[in-house]
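All remarks here apply to the structure that follows.
Every number for a ligand or one of its atoms is a count from 1 in the order of the listing.
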Amino acid sequence: MKAKMTVNKIYEIDKVDPRIYGSFVEHLGRCVYEGIYEPGHKTANAGGFREDVKELVRELNTSFIRYPGGNFVSGYNWMDGIGPVKDRPKRLDLAWRTMETNEVGLHEFMVWANEVNADVNMAINLGTKGIDDARNIVEYCNHKEGSYWSDLRKANGATQPFKIKTWCLGNEMDGPWQMGAKTAEEYGRIATEAAKMMKWTDDSIELVACGSSNNMMPTFVSWEATVLEHTYDHVDYLSLHCYYNNKKNDIKSYLAMNIDMDNFIKSVISICDYVKAKKGSKKTVNLSFDEWNVWYHSNEQDAKIAKEAPWSISPPILEDIYNFEDALLVGGLLITLLKNSDRVKIACLAQLVNVIAPIMTEKGGNAWRQTTFYPFKQAANYGLGTVLTPIIEAPTYGCEMFESVPFLDSIAIHNEEKSEVVVFALNRSEDDVIELTLDLQGFRPEKITEFSEMSGFDLKQVNTNADASVKPSDSKDAKVDGDALSAVLKPLSWNMIRVAVK
Ligand code: AHR
């Protein structure tokens, strides 16, 4: 089949905020312990952090990491994680029914984040804690010196402030599973008061208010509207979370699920702008899609572990092993985030290591890349610059979830610094190649510097420690022709094409 995409140099969506390539490290399962941190491992540094994992995180190029939860944060006392490790308490984590040793805390994590070149998106506990705790942690992290909390930080070894810019006001506070869950009114009030005091402590910070836990929540829309009625003047972003699955084993619907993400984003933009109009505000609240991914493969095993081995230290939970079709959807989800780059300024792939993650580790052994590692890595490394408005003409199909799904989904980004246009494209067709023509109006394309495709694998093929062969390979099937580019996109494929332009 044939498809055409037209972009024009002057029709821009917006600049990509590199924070859309964020990730997430929660004290959950083997994400921290046995994931990023494993003293005794042959690659562990003096602080106990695995160098092989750090290398993969750097390769992934995630520049922004949300921490320390997630559901975990709603029962977390950040003070448990400071001071001498030997004095730190062990606590029951009621979110995941595990044991938290607090061996890794604020200081250790900040050092690690710095070593992987990532800024930290710090979540505070607005479940079991409140506004005093909220302003104290900001003072501890960001105030230079001369106050109780800043001097305690110095005494604990960090002479310079951490300067954490972005803070999440709690996590999924609408969810009945959350410790200290709240109604929208209750959350709106506490988030407002916490926000005021946090910004009074450090007026350079940015704040993310909790939106709904997903777009199927019964209070979705009214939650956002009520929370923003309270918090609008005090926050900078509203959060979205969503996880996707192929439980029905329906590839047509599965690969279209980024349309659901797009609808979710558009709805939340409308709510933000409704409150803006209602308040007559000049300020725009943007979106932080701070949890997104595929999550379902591990559900059964997790139920078993929760029943049979509660209160374990770092049990292997939420360890989804991703297959090829998951990588295709993750690619599609990245295209959707890019298409909304005018409003989505933060997005975090949940999570980073072992727990629904692109990187897996074996205790005492290797670290390896899951299938989903690759589309994320390519977008985070090359999807930087200005997103161009795509006009796509492509045949469509129908499926259970949507009446009309284009076989082609695609986006182009102009990287002015590198003088290149980078195209990401998903071919959703199971049978047909797409002969793509890309009209690059206003550019003078010179040559294709890279055409990388992920295709030809069984949809259920996974990467393991022993065999990680689901990965991109080079294609030669693209050429520049005047102001246009033509490329052959294989059936069921994820593609990245880099074109040098003038
Ligand atoms: O990422 C896993 C969990 O999913 C997070 O802890 C929670 O915020 C969400 O429900």
Side-chain angles (χ1 to χ4, degrees), residues 22-33 35-36 62 64-76 91-98 100 109 121-129 167-182 187 191 208-220 223 227 237-245 261 264 287-303 305-306 314-322 326 330 333 346-360 370 372 376:
S23 185
F24 180 25
V25 168
E26 178 167 1
H27 282 248
L28 194 186
R30 299 191 311 124
C31 186
V32 173
Y33 308 109
I36 62 172
T62 180
F64 192 65
I65 302 181
R66 188 164 175 254
Y67 176 82
N71 296 339
F72 170 80
V73 82
S74 296
Y76 183 49
R91 301 259 190 213
L92 296 188
D93 168 28
L94 305 189
W96 300 106
R97 288 175 67 78
T98 56
E100 173 56 47
F109 186 75
N121 178 12
M122 185 65 77
I124 63 158
N125 175 352
L126 282 186
T128 61
K129 298 279 181 184
W167 297 76
C168 296
L169 295 165
N171 178 69
E172 296 188 349
M173 299 307 305
D174 59 330
W177 59 85
Q178 203 69 213
M179 289 177 265
K182 294 179 173 41
Y187 174 68
V208 185
C210 288
S212 296
S213 298
N214 59 66
N215 54 352
M216 301 303 284
M217 295 298 287
T219 50
F220 172 52
W223 171 274
V227 166
Y237 308 94
L238 187 66
S239 78
L240 298 83
H241 290 182
C242 206
Y243 294 97
Y244 302 90
N245 70 73
M261 178 193 242
F264 185 16
L287 275 51
S288 169
F289 213 122
D290 48 38
E291 285 188 36
W292 69 271
N293 205 345
V294 171
W295 176 11
Y296 76 105
H297 299 285
S298 58
N299 292 170
E300 270 175 38
Q301 172 172 322
D302 292 347
I305 294 175
S314 57
I317 52 176
L318 280 71
E319 298 207 357
D320 275 42
I321 300 300
Y322 292 120
D326 299 327
V330 163
L333 294 165
I346 296 174
C348 300
L349 177 73
Q351 299 191 5
L352 185 58
V353 182
N354 289 331
V355 170
I356 42 173
I359 299 170
M360 296 299 292
Q370 294 236 53
T372 54
F376 189 95

Take the angle between the ring planes of Tyr243 and Trp295 and call it parallel below 30°, perpendicular above 60°, tilted in between.
perpendicular
Near ligand 1, which protein residues have a heavy atom under 4.0 Å away?
Phe24, Glu26, Gly70, Asn71, Trp96, Asn171, Glu172, Tyr243, Glu291, Trp295, Leu318, Gln351, Ile356
What pairs with Arg91 under salt bridge (Lys or Arg N to Asp or Glu O under 4.0 Å), at least two apart in sequence or on another chain?
Asp80
Can you list everything that forms a ring pair (Phe, Tyr, Trp, His ring centres under 6.0 Å) with Phe64? Sequence neighbours excluded, please.
none
Is a side-chain donor-acceptor pair under 3.5 Å present for Ser212 with Asn215?
no
Quick one: does Asn214's side chain have a donor or acceptor within less than 3.5 Å of a partner on His241's backbone?
no
Which residues share a salt bridge (Lys or Arg N to Asp or Glu O under 4.0 Å) with Glu172, sequence neighbours left out
none
